[in-house]
Structures are given as C-alpha cells and as structure tokens.
Engineer: 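Below you'll find the structure I mean.
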Amino acid sequence: MSFSPAQIRRDFPVLREGKVRYLDSAATAQRPEIVIRAEADFYTLIGANAHRGVYGLAVESTRLYEAAREQIAGFIGADTDELAFVRNTTEGINLVARAWAAHRLGPGKAIVTTVMEHHSNLVPWQMVAQQTGCELRFARITPEGLLDMDHLQELLDERVVLVAITHVSNVLGTANPVADICKLAHEHGAACLVDGAQGAPHRQVDVHAMGCDFYAFSGHKMMGPMGIGGLYINRQRFNEMQPFMGGGEMIDRVELSHTTYAKPPLMFEAGTQNVGGAVGMAAAVRYLQRLGMREVEAHERLLGGYARQKLARIPGVKVFGPDPDSGGTGGVLTFTVDGHHPHDVAQFLDHAGLAVRAGDHCAQPLHKVLGVIATTRASFYIYNEMSDADALSEAVSDMLKHRASVVPGASDAMEMLDYYFRNPVARDPIPEWEVEKEGVNSLCGDELTIRLHVDGAAIKDLQVEARGCKVSQASASLAAATLKGKAVDEAMEIISKVQAMLTNNGPKLEGELAALNPVADMPARLKCALLAWKTFEEALKDV
Ligand code: PLP
C-alpha cells in the first residue's frame with residue numbers, strides 16, 4: 001500500500017473532518033473505523049465468553065480470541081503461546097514483577113534499569129526492591145539523550161537478575177539498542193524485559209531476533225482499543241513463573257485445599273478475558289501490517305526530523321532527545337519554550353487546533369535529569385504529515401510573537417486573569433511570618449510557597465513565591481490580592497466560594513474574582529487555578 005497520510009486519515013472518524021491536528025499518539029493513538037467496527041461486531045454478533053461454553057457463540061468467541069492472539073504474536077515475531085493478553089504495558093510489566101521477579105530477587109541481587117524510563121517501568125521495580133530487599137541500579141543518559149552504554153555495562157555483574165529497559169523513550173524518542181542490551185544481560189546471567197509501549201506501534205519488532213525474555217506493549221498506542229495489550233514471555237521462562245492473579249480459567253485443577261495451574265499464557269489470564277479488545281487489537285495489527293512497519297518507521301523518521309528542524313530553528317525553543325539520524329525515532333518531539341510554561345504552550349496550541357501533551361509524561365526522574373519540571377510533547381503517527389509540522393512551528397512562533405495571554409480567547413475575565421499574571425502580587429519577602437506552606441502540582445510542576453503574618457485573627461501580611469504556568473501564577477496573585485487584610489474566617493469563606501465555583505458548579509464569582517470564572521470551563525486547568533487557594537486554606541488551618 002502506498003503511504004498517504006491524507007488517505008489514511010479518511011479511515012479515522014475522529015480525524016476525517018480535519019478539525020484537529022492530532023499530535024498525541026505517544027499517549028494514545030486514534031483508531032480507524034475497521035478497529036472500532038471489529039470490536040463492535042464482536043459485541044453485536046457474538047458477545048459470549050471465550051474458553052468456557054460449548055455452544056456456537058462461545059466457540060466462535062474462543063476462535064476469534066485465539067485468532068487475535070496468533071495475529072498479534074506474529075506481529076512481534078513471537079510464537080502464539082508466548083503471548084499473554086494483559087490490559088496494557090503497565091499490567092504486563094507488573095505481571096513480570098509479581099510472577100517472575102518477586103520470587104527471584106532478594107538482598108544481594110539487583111535490577112538494572114535506566115533514568116529514561118516511564119513510571120510504568122520504574123515503580124514496579126521499586127516495589128519489588130522494597131518487598132525483596134534487592135538493589136536498583138540506574139544507567140545514565142548522555143547529554144544527547146542516548147543511553148550511556150558504557151555506564152550500563154559498568155552496572156552489570158553477577159548480582160543482576162533483570163535488566164528492564166524501554167525500547168523507545170516516550171520523552172526523548174531515543175531508540176535503545178535493545179538487541180545488544182539483551183545480549184549483554186544474558187552474558188551476565190540476567191533476563192531482559194523490554195518496555196515496548198513506544199516500540200511495537202512504530203517499528204518492526206521481532207522478539208526472537210531481539211533476544212528479550214519479556215516484551216510488554218499496549219493495544220491503544222497502536223490504534224487498538226483501550227484496555228487490551230500484550231506481554232511476550234519467552235517460552236524458556238515459563239517454568240520460572242508463578243501465577244499473577246488467581247481465579248477462573250487460569251487453572252488446571254482446583255481442590256478445596258490446593259490448585260494446579262494452566263500453562264502460560266492462560267495461566268496469566270484469570271477471569272473473563274477482554275475478547276472484544278483482543279479482536280479490535282488484531283484488526284489494528286492487520287491495518288499496520290497492510291501499511292508495512294518499515295514504511296511506518298520511515299514515515300515517522302522523515303516527518304519527525306522535519307518537524308524537529310523547524311522547531312529547533314525558533315529562538316527560545318529547546319528540543320530534547322536525539323534526532324532521527326543519530327539514535328532518535330522522529331516519532332516523539334519534546335520541547336520547551338523560554339518564558340512559557342508547557343501547559344500554557346499546550347493550551348495555546350489547542351486553540352490553534354493542535355493536540356499536544358504537556359507535563360512530565362510519567363517520567364519525573366527523567367525530567368529531573370533534563371533539568372526541567374515539565375515539557376511539551378508532539379508525537380507523530382501514520383496519519384500525520386508535513387503540514388502538521390508546519391502548523392506546529394507556526395503556532396509556536398505565533399505564540400512567541402504575540403506574547404500570548406494566559407489562555408487564548410478574548411474575554412474581560414481572561415484579560416483580568418492575564419493582568420494578574422503580568423502583575424504578580426505579594427512576591428516581595430515579608431519581615432515576619434508565623435505560617436509557611438508549600439503547595440505542589442506534581443504532574444504539571446506548579447509550585448507555590450505561601451507565608452502568612454497573622455495578627456488578631458486577621459491576615460496582616462503575606463508573601464507568595466509561585467513557579468508554574470500562567471493560570472497558577474495569576475490565580476496565586478489574585479488570591480494574595482483578595483485575602484490580604486481579611487479576617488481568617490472571612491478568608492476561609494472566600495476560599496470555599498472559589499473552590500465551589502471551580503470544582504462544584506458553585507455560583508459564579510463577582511468583582512476581581514470573576515477572572516477565575518472561565519477556568520471552571522477548562523477542566524485541564526482547574527488544578528492550576530486551585531493550587532493557590534488550596535495552599536492558602538492549608539496555611540490558614542495552621543493559624
Ligand atoms: N512505557 C512507555 C514508554 C510509555 O510511553 C507508556 C505510556 O505512555 C507506558 C509504558 C504505559 O503504557 P500504558 O498506560 O498503556 O500501560
């Protein structure tokens with residue numbers, strides 16, 4: 001099939017009308033109609049449980065479920081019985097942590113992972129370490145955003161039981177040399193788990209050639225339904241595994257006192273399986289196979305490389321990660337814009353019809369290494385084209401040129417909020433205070449420190465240190481301006497009214513506070529606006 005994003009978009013109901021340039025496929029991909037229809041057809045025409053009944057519908061359900069397994073296993077080069085269905089990558093990794101790692105690790109043993117991991121390939125290992133007393137070791141990255149292979153090798157010794165590594169970084173776009181890493185791990189007697197969330201959807205994967213022991217991936221990132229994913233388990237590990245969850249269909253024989261278990265992969269599929277999801281995911285795989293994974297990969301390299309060059313040329317823009325010619329995939333383009341919080345950038349881009357993601361992308365330790373709290377990320381897939389890259393760089397240039405307001409969209413209230421962003425209130429140090437409180441929105445990186453000098457049950461003086469997006473800073477200034485001089489009881493009453501308006505459909509605010517009214521209609525910004533008010537509330541409780 002020749003590769004035409006414009007033609008491809010016609011298959012996608014969300015994209016067909018061209019209302020949005022969707023640049024968030026690293027979070028989740030859009031789905032073509034045939035995937036939606038395949039899942040709907042399962043429920044419309046069959047809807048019975050798999051692996052249970054002997055009547056026609058149940059037999060057909062089992063046939064479709066197992067055919068989906070065969071299709072998806074083939075897609076990653078696995079044998080059919082080496083693929084367990086899971087909910088997503090996160091569940092796949094947790095399955096390995098519980099069913100394989102937890103009983104093989106202990107004091108004196110170690111897991112090697114890296115600083116570039118998604119929380120899904122970090123937190124489960126922290127939990128294993130806590131439970132077993134094993135050590136966690138983290139390979140560094142180079143200034144270019146590549147894995148530091150020398151450091152990784154230094155970390156490998158006979159104590160290492162598992163190397164857990166991402167195939168492609170969801171922030172840097174770095175494609176790790178996973179085959180080499182698996183080989184190194186095996187040379188040291190360790191197993192290798194590859195987080196394939198950003199791998200399988202975007203490039204040809206052959207788990208046997210790669211040599212990994214476990215490969216986890218999500219259906220929804222490759223145009224399948226949400227709630228279904230795959231975990232490849234190398235057959236040689238079958239005997240080393242214990243069940244993940246107990247229940248129906250994962251058993252061989254059950255007595256009141258004990259149970260023997262089914263063989264993998266059914267051993268890991270306790271309870272009613274997501275047959276509709278599996279059928280939909282198989283349809284997505286067929287769609288990708290028709291396009292050809294080499295073509296998908298080449299398209300992303302070309303497009304990502306072009307977008308990167310355009311964006312990097314804009315003064316004030318910093319692009320992270322390697323370019324596609326030196327270790328990147330092109331599919332992920334993460335950046336910051338001087339003087340603009342990533343949330344504000346994302347909101348401005350939304351207004352320009354571009355859907356991008358802002359925040360820490362579930363990779364807080366990596367953001368710490370990069371020296372930023374949050375970034376903006378555009379990610380590309382088969383339905384994106386050069387004009388999306390052009391629109392992205394034009395919108396970012398536009399934002400810088402016009403010094404965009406707090407959030408785009410003109411209204412008196414917005415202008416007032418903008419005024420409070422541009423004219424910060426109570427930022428100077430105060431000579432004395434009794435109460436100090438910190439507030440953090442860890443996901444987006446808004447931070448706040450409030451100091452209060454309260455005398456005779458009134459707020460005599462206050463100071464706000466605010467770092468974060470425009471909405472959070474404007475809201476902090478508005479709170480400071482409103483609450484200074486108020487009696488503590490009255491201040492608490494105002495805070496409740498603001499919170500009720502923002503979160504509970506409470507009455508609209510009046511006067512200067514009306515500046516916050518439009519935020520109630522922006523669910524993505526509620527947390528930003530609430531931070532200051534919540535922190536003031538906490539501070540006043542300590543008075
Ligand atoms: N690993 C990586 C590299 C990811 O990008 C993601 C999702 O963004 C995950 C794991 C988790 O995927 P899921 O939420 O589908 O479990």
Side-chain angles (χ1 to χ4, degrees), residues 22-31 72 76 84-98 113-127 138-139 141 145 147 163-176 178 181 192-203 205 212 214-232 244 268 274 277-278 280-281 284 300 304 320-321 327-334 355-367 369-370 374-381 443:
Y22 189 74
L23 300 177
D24 197 21
S25 298
T28 196
Q30 291 296 338
R31 287 134 204 100
I72 298 163
I76 58 160
F85 281 117
V86 287
R87 278 192 305 137
N88 45 38
T89 306
T90 305
E91 187 171 276
I93 295 172
N94 276 276
L95 191 160
V96 177
R98 299 282 123 223
T113 181
T114 81
V115 299
M116 69 162 79
E117 302 305 316
H118 187 283
H119 298 162
S120 291
N121 197 27
L122 169 59
V123 180
W125 309 123
Q126 290 174 345
M127 291 161 79
F138 300 98
I141 55 171
L147 185 66
V163 176
I165 176 123
T166 192
H167 192 173
V168 174
S169 158
N170 65 316
V171 174
L172 302 167
T174 310
N176 286 318
V178 279
I181 294 168
C192 191
L193 172 140
V194 178
D195 169 352
Q198 304 292 345
H202 302 281
R203 45 189 39 222
V205 171
C212 60
F214 308 102
Y215 190 94
F217 56 113
S218 301
H220 71 96
K221 290 189 197 286
M222 47 199 284
M223 304 181 297
M226 293 181 178
I228 187 77
L231 175 69
Y232 158 75
F244 175 43
F268 299 116
N274 181 359
M281 186 173 173
E300 286 179 28
F320 295 88
T329 58
V332 173
L333 179 56
T334 296
V356 300
R357 172 147 173 210
D360 59 37
H361 317 296
C362 300
Q364 288 180 11
L366 175 58
H367 276 74
V369 170
L370 298 176
T375 50
T376 308
R377 180 185 73 186
S379 49
F380 305 105
Y381 210 12
L443 272 187

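Whatever order the structure lists ligands and atoms in, that order sets their numbers, starting from 1.
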Engineer: Identify, chain by chain and in numerical order, each protein residue with a heavy atom under 4.0 Å from an atom of ligand 1.
Structural biologist: Ala26, Asn88, Thr89, Thr90, His118, Ser120, Thr166, Asn170, Asp195, Ala197, Gln198, Ser218, His220, Lys221
Engineer: Side-chain donor-acceptor pair under 3.5 Å between Thr174 and Ser169, yes or no?
Structural biologist: no
Engineer: Taking the six-membered ring for Trp and the single ring otherwise, decide whether the centroids of His361 and His118 are under 6.0 Å apart.
Structural biologist: no
Engineer: Pick one: which of Leu147, Leu122, Ile141 meets side-chain contact (heavy atoms from CB on, under 4.5 Å) with Val115?
Structural biologist: Ile141
Engineer: Is any side-chain heavy atom of Val171 less than 4.5 Å from a side-chain heavy atom of Leu370?
Structural biologist: yes
Engineer: Which heavy atom in Tyr381 sits nearest to a heavy atom in Pro201, and how many Å separate them?
Structural biologist: OH-O, 2.6 Å
Engineer: Quick check: does any side chain N or O of His167 sit under 3.5 Å from a backbone N or O of Ala200, one acting as donor and the other as acceptor?
Structural biologist: no
